[in-house]
Amino acid sequence: FEAQRDQYFAGASNDYRFYTNQAFAGYFHMQEALAADSAADARKAAATVQQALAVADGLLPRLNKKEAQTYHDSLKRAGEAVSAIAANERAPIDQIRTHFAQVSLAMGKFSQAFNKSAKGAVSALVFHCPMALNDKGAAWLQRTDQIANPYFGVSMLRCGELTDTHMAKCSVTGKEDADPGVSVEYEGMTYYFCCKDCIKKFNEHPEHYIHGDSGGNKKPNGHGEHGH
């Protein structure tokens, strides 16, 4: 499977890319909400992730390969964990954070695999806090390099360390790793770039890079103002 990873993810439909992109966007909002000690916003973001993953789960064909199924199932585990968050409107923030650790583990495993393909959909930085969850330690993903600890919130906001990077390929060049802090929103999708010059090129001719071999991901029909 490792040798066929690009082929596996290249076979993902544009709809699948769209909904996994939406799921990661919701995940990042959940991380930011917990870092700000907002249980209500975290639950709202969890509902977004839950809805996106529910659709994505039915869009990628199941393969008769154990390894491929493992990556697919990681999204299902993430869906189960966010469902537990979204379903309980009275859950204390500590309980939400416990479920968030499970979501982070599953989403991190998937993004690591997906982004090894030339058409990875998301860039993220991986942080770890050894004191999280009663000193058990827990990891999380975020878009920016300034630590915003979702397990302690404002009380220990900068506690943690960078342990890994999951980088999509630049949506213009298709080769260089994209910077998670250099991105634009276009028709409901987030596109990542290696530098601001590439953003300028993308903004001038977005459809060229979306439909080309550049590593960008075409947004599916039926979303946004224009279909393709």
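Counting from 1, the numbers follow the sequence of the chain as shown.
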Inset, instruction - Say whether I147 and L157 are linked into one hydrophobic cluster, either directly or through other cluster members, by side-chain heavy-atom distances under 4.5 angstrom. - result: no

Legend entry - Partners passing side chain to side chain donor-acceptor pair (under 3.5 Å) against E185 (at least two apart in sequence or in another chain):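 Once residues adjacent in sequence are excluded, the partners of E185 under the side chain to side chain donor-acceptor pair (under 3.5 Å) criterion are T190.
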
Can you tell me how far the [atom1] atom of [X] sits from the [atom2] atom of [Y], to the nearest 0.5 Å?
{"X": "S123", "Y": "L141", "atom1": "OG", "atom2": "CG", "answer": "11.0 Å"}
{"X": "R90", "Y": "R43", "atom1": "CZ", "atom2": "CZ", "answer": "10.5 Å"}
{"X": "L53", "Y": "Q22", "atom1": "CG", "atom2": "CD", "answer": "11.0 Å"}

Where do [X] and [Y] come nearest, in terms of heavy atoms and distance?
{"X": "A86", "Y": "Q50", "value": "CB-OE1, 3.5 Å"}
{"X": "T173", "Y": "C170", "value": "OG1-CB, 3.3 Å"}
{"X": "I85", "Y": "A46", "value": "CG2-CB, 3.6 Å"}
{"X": "A56", "Y": "Y19", "value": "CB-CB, 4.0 Å"}
{"X": "V172", "Y": "K201", "value": "CG1-CD, 4.2 Å"}

Legend entry - Min side-chain heavy-atom separation Y192-D179 under 4.5 Å: no

Inset, instruction - Could you tell me whether a side-chain N or O of Y209 sits under 3.5 Å from a main-chain N or O of N203, the two making a donor and an acceptor? - result: no

Inset, instruction - Could you tell me whether a side-chain N or O of S171 sits under 3.5 Å from a main-chain N or O of F193, the two making a donor and an acceptor? - result: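 No.
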
Legend entry - Whether over 12 other heavy atoms sit under 6.0 Å from R158 CZ: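 Atom CZ in R158 is packed in, count exceeds 12.
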
Inset, instruction - Answer yes or no: does atom CD of E204 have more than 12 heavy-atom neighbours from other residues, nucleotides or ligands under 6.0 Å? - result: yes

Please tabulate, one pair per line, all N/O donor-acceptor pairs under 3.5 Å involving side-chain atoms of residues 125-137, not counting sequence neighbours.
none

Legend entry - Residues which pass salt bridge (Lys or Arg N to Asp or Glu O under 4.0 Å) with D145, listed by chain and number, not counting sequence neighbours: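 D145: no salt bridge (Lys or Arg N to Asp or Glu O under 4.0 Å) contacts found.
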
Inset, instruction - For side-chain contact (heavy atoms from CB on, under 4.5 Å), just list the numbers for N21 and M189, CA-CA rounded to whole Å, side-chain angles, deciding distance to a tenth of an Å, and then say yes or no. - result: CA-CA 7 Å; N21 190 283; M189 286 278 286; 3.6 Å; yes

Legend entry - Worked verdict on Y191 versus I210 for side-chain contact (heavy atoms from CB on, under 4.5 Å): CA-CA 9 Å; Y191 294 88; I210 292 172; 3.7 Å; yes

May I have the list of side-chain donor-acceptor pairs in residues 30-39 shorter than 3.5 Å, sequence neighbours left out?
| from | atom 1 | to | atom 2 | distance (Å) |
| --- | --- | --- | --- | --- |
| Q31 | NE2 | A148 | O | 2.9 |
| E32 | OE2 | R143 | NH2 | 3.0 |
| D37 | OD1 | R97 | NH2 | 2.6 |
| D37 | OD2 | V154 | N | 3.3 |
| S38 | OG | D41 | N | 3.2 |
| S38 | OG | D41 | OD2 | 3.1 |

Give the table of side-chain donor-acceptor pairs shorter than 3.5 Å for residues 98-108, with sequence neighbours excluded, one pair per line with atom names and distance.
| from | atom 1 | to | atom 2 | distance (Å) |
| --- | --- | --- | --- | --- |
| T98 | OG1 | D94 | O | 3.1 |
| S104 | OG | Y27 | OH | 2.7 |
| S104 | OG | F100 | O | 2.9 |

Legend entry - Pairing residues for D197 by the side chain to side chain contact (heavy atoms under 4.5 Å, CB included) criterion, not counting sequence neighbours: C195

